[in-house]
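First up is the structure itself, then whatever we jot down about it.
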Amino acid sequence: MSISSINYSSSVLGAQIRNINQQLTDLSTQLSTGKLSQNYSGMGTNEGFAIASRSQLSDIAAYTDTMTNVNVNINLANTALQSLTTIRNTVQTGSATSSQALNVNGQTVAQNTAAAQFGSMVGVLNTQAGNRYLFSGTAVGTQSVANAGDIINGTTTQAGFKTVMAERRAADLGANGMGRLVQTQPTPSSVKVSEDVAGSPFGLKIAAVSSTLTGATLTGPSGSPVSFSVDLNGVNPNSGDKLSVQFTLPDGSTEQIDLTASSATPTPLGSFAIDASTPVNPNNTATNLNTALNTAITKLANTSLVAASAVTAGDNFFNTDSSAIGAAKTNQAAPVAPISGATALSGTAPSDSISPGFSAGDTITVNGTTLSFVASGATGNQLNVTDSIQTLMSKIDSITGTSKPSTIHGGAVTINTDDAASLSISTSNTLAMNALGFASQPITATQPPLRVGSSPASSATTLVNGSATTVKWYTGNDGPGSPRSTAVARVDDSVTVQYGAQADEDAIRRQLQAIAVYGTFSTSPTGQYSGAQVTALSLRTTQALTPQPGQQRVEDIQTDIAMAQNTMKDATTRQTQAKAQLQTIIDQAESASPDQVASEILSLQNALQASYQTTSNLAQLSLVKYL
């Protein structure tokens with residue numbers, strides 16, 4: 001019988017020792033790296049959770065980078081907006097408190113300051129973050145606002161604001177310098193004042209007239225064009241009797257002329273002389289009234305009207321609000337009287353209504369929303385056929401969302417809109433719409449800038465689209481939708497922030513417009529009415545730079561982007577907490593506990609030592625020793 005020797009390499013003990021050595025090697029690696037394994041296969045069953053957690057950590061890192069970039073843009077935008085507020089306050093303080101003394105260029109110190117601040121404001125609005133223009137909406141690669149010099153002075157091919165303002169001033173004043181009013185004495189005992197052209201957008205508009213002149217007959221204001229007359233009927237008024245005429249100016253403001261009959265010598269300012277000749281001749285009093293009225297109208301035209309004209313020119317050039325204007329129409333009740341807001345949309349003569357009128361079943365579609373006519377009991381988007389034009393205008397305004405209500409004046413219906421490009425009004429009854437002054441369908445609005453429609457401007461009667469010949473001041477994106485939505489960033493799995501801005505937003509545009517008007521306007525340094533012109537403009541500038549209830553403010557834009565920052569701050573807090581939890585999951589799945597590894601190494605070392613001893617003893621075993 002033969003006995004085979006014990007082969008260490010093939011023995012069970014040898015395999016066990018090799019296994020223990022491998023475990024010691026693995027544990028030593030875990031102890032030095034802190035990881036369970038150097039590959040996924042050795043991580044165990046929880047590695048799937050670790051992989052998913054690592055993916056989420058990667059997303060959080062991307063969100064963090066996004067928020068960092070967005071915060072840079074927001075901080076720059078907020079700094080720019082704060083600069084706009086400072087500019088506004090500077091110009092407003094100057095227009096409200098500075099001296100009205102004119103320099104050789106026909107401007108005040110405050111106006112010179114405004115001109116400089118206009119250039120600063122343009123620079124602020126062209127702020128960039130990297131290669132991104134912050135106030136261009138989605139057109140981030142396009143300069144937000146044209147160069148200040150081009151906006152004011154124009155280019156070789158396009159007119160700037162200075163030209164538009166000069167044209168508008170000439171059109172509003174008229175050739176006779178009386179605000180497009182015509183003054184006559186139809187009879188020796190009467191006076192008459194009339195607007196020069198029905199439906200014209202220029203000049204002074206007669207709004208209301210009242211009289212306490214004893215024995216006099218007041219007619220109007222009425223007719224097309226609108227006029228009023230006063231006939232003394234051969235009777236002298238009493239001293240203290242008064243004629244009051246209220247006018248609407250192009251910027252929507254109103255001014256009133258009060259003329260008082262007086263027997264005092266000399267005749268006080270704002271009065272007209274009662275004839276005191278022998279025998280008394282009331283026709284001389286009528287002539288005195290006519291002269292005083294001419295003087296008062298001329299002064300009003302060359303002071304407040306000039307200032308209002310400049311403001312309106314600013315609107316024509318800068319304001320993206322625009323209008324659809326119907327030609328003047330008369331009503332059935334009095335063919336010489338123009339329609340008004342109270343005129344009904346339907347009725348039979350001699351009622352105060354348009355003809356032909358609307359009938360039950362007719363429709364008017366405004367920007368895709370349909371208004372229906374019913375006989376009575378209208379609700380929602382319905383109109384009674386007997387409703388007034390003003391009711392219709394209010395319905396249309398509620399659909400378009402205009403910030404400037406539509407108007408009816410002198411028989412002309414003006415539909416205002418904040419988005420000229422989208423305005424579209426059509427009807428199933430074109431004849432009734434024609435009676436409102438709109439000859440073609442669909443009704444649309446002319447996109448500004450608006451220019452005086454013909455030459456010479458002093459006799460023009462229309463405004464026309466000047467886009468092709470006028471500098472476009474805002475060059476960024478001007479599409480529909482909120483300016484804030486022009487820049488959107490995802491900052492969490494289900495959270496986005498909107499932080500876009502546009503230089504043509506209402507608050508910014510109104511400020512830029514007011515400063516441009518004030519800083520560009522100039523007059524004769526020695527003119528009779530120059531000081532009063534600047535004073536009237538200063539009052540309007542101060543008001544324009546004072547935020548009104550319901551109007552957007554620059555501070556509102558700052559609040560919007562601050563909300564975006566708060567949203568990101570909240571997201572960062574959540575993500576910081578999530579990162580800690582996700583890292584815990586990864587650590588639990590992949591990390592090796594030093595204490596546990598050390599304990600396992602010690603245990604394996606003891607086992608290995610015992611195995612070596614056993615192997616050594618077996619290796620020394622012989623048959624003799626065995627027996």
Side-chain angles (χ1 to χ4, degrees), residues 80-81 83-84 86-88 90-92 94-95 102-128 131 133-137 139-170 309-320 447-452 457 465-478 501-505 507-525 534 537 541 544-545 554:
L81 291 168
S83 297
L84 296 186
T86 301
I87 290 171
R88 180 191 69 199
T90 299
V91 176
Q92 184 183 42
S95 65
L102 300 175
N103 59 24
V104 294
N105 297 317
Q107 287 191 312
T108 65
V109 172
Q111 286 180 279
N112 287 334
T113 300
Q117 293 294 340
F118 177 81
S120 298
M121 188 171 177
V122 168
V124 168
L125 292 175
N126 283 326
T127 296
Q128 287 179 272
N131 59 355
Y133 286 93
L134 297 180
F135 293 95
S136 289
V140 294
T142 302
Q143 183 172 306
S144 308
V145 179
N147 295 330
D150 292 344
I151 294 174
I152 300 302
N153 300 311
T155 65
T156 55
T157 58
Q158 293 181 311
F161 173 58
K162 185 177 291 185
T163 298
V164 172
M165 183 166 60
E167 291 174 347
R168 178 82 204 205
R169 176 171 174 168
S309 177
V311 171
T312 306
D315 226 32
N316 295 157
F317 184 87
F318 288 97
N319 195 356
T320 54
Q447 189 77 12
L450 298 176
R451 299 282 295 278
V452 175
N465 188 335
S467 299
T469 58
T470 313
V471 170
K472 181 177 174 60
W473 70 273
Y474 175 66
T475 53
N477 166 71
D478 56 1
Q502 294 179 188
D504 66 342
E505 292 189 53
I508 298 174
R509 188 270 308 161
R510 280 189 289 104
Q511 178 174 323
L512 187 72
Q513 176 180 323
I515 293 174
V517 170
Y518 193 53
T520 304
F521 181 88
S522 64
T523 186
S524 169
V534 175
L537 182 61
T541 301
L545 294 175
V554 170

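What you see is a predicted model, and the numbers here were worked out from it, not measured in a lab. In what follows, every heavy atom counts, from backbone to side chain, and hydrogens, waters and symmetry copies are set aside.
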- Do N105 and Q107 pass the side chain to side chain donor-acceptor pair (under 3.5 Å) test, and can you show the C-alpha distance, the side-chain angles, and the key distance before you say yes or no? CA-CA 6 Å; N105 297 317; Q107 287 191 312; 5.9 Å; no
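- Taking the side chain as every heavy atom from C-beta outward, V164 and P449 never approach each other to under 4.5 Å.
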- Query: Hey, mind stepping through I508 and M121 against side-chain contact (heavy atoms from CB on, under 4.5 Å) and telling me if it holds?
  - Reply: CA-CA 10 Å; I508 298 174; M121 188 171 177; 4.1 Å; yes
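- F161 pairs in a side-chain contact (heavy atoms from CB on, under 4.5 Å) with only one of the listed residues (T520, V471, N316, D150), which is T520.
- Within the 4.5 Å cutoff, side-chain heavy atoms of Y518 are placed close to those of L537.
- The shortest heavy-atom contact between V124 and A80 is CG1-O, 3.3 Å.
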- Task: For F317 and T470, run side-chain contact (heavy atoms from CB on, under 4.5 Å): C-alpha distance rounded to whole Å, both residues' side-chain angles, the deciding distance at 0.1 Å, then the answer.
- Result: CA-CA 8 Å; F317 184 87; T470 313; 3.5 Å; yes
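- The shortest side-chain heavy-atom distance between R451 and T163 falls under the 4.5 Å cut-off.
- Looking at T475, its side chain does come within 3.5 Å of a backbone N or O of S144 through a donor-acceptor pair.
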- What's the verdict on side chain to side chain donor-acceptor pair (under 3.5 Å) for R168 and T312, showing C-alpha distance, side-chain angles and the deciding distance? CA-CA 8 Å; R168 178 82 204 205; T312 306; 5.0 Å; no
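- Expressed to the nearest 0.5 Å, how far CG of L125 lies from OH of Y133 amounts to 12.5 Å.
- Across all non-hydrogen atoms, the minimal contact from G94 to A110 is O-CB, 3.5 Å.
- Between Q513 and the choices R510, Q511, R509, the side chain to side chain donor-acceptor pair (under 3.5 Å) rule is met once, by R509.
- A centroid separation of less than 6.0 Å is found between the aromatic rings of F318 and W473.
- Side chains of Q111 and T541 form no contact here, defined as non-hydrogen atoms less than 4.5 Å apart.
- Once rounded to the nearest 0.5 Å, the distance linking CZ of R88 with CD1 of I515 reads 9.5 Å.
- For the pair L512 and F118, the minimum side-chain heavy-atom distance is below 4.5 Å.
- Note that the OG atom of S136 and the CD atom of Q128 stand 8.5 Å from one another [nearest 0.5 Å].
- Rounded to the nearest 0.5 Å, atoms CG (N153) and CG (N147) are 11.5 Å apart.
- Using a 4.5 Å heavy-atom cutoff, the side chains of T90 and T113 are in contact.
- Side-chain atoms of N126 never come within 3.5 Å of backbone atoms of Q143 as a donor-acceptor pair (strictly under, hydrogens ignored).
- In this structure the side chain of T108 reaches within 4.5 angstrom of the side chain of L102, judged on heavy atoms.
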- Item | Test side-chain contact (heavy atoms from CB on, under 4.5 Å) applied to F521 and V534, step by step | CA-CA 8 Å; F521 181 88; V534 175; 4.3 Å; yes
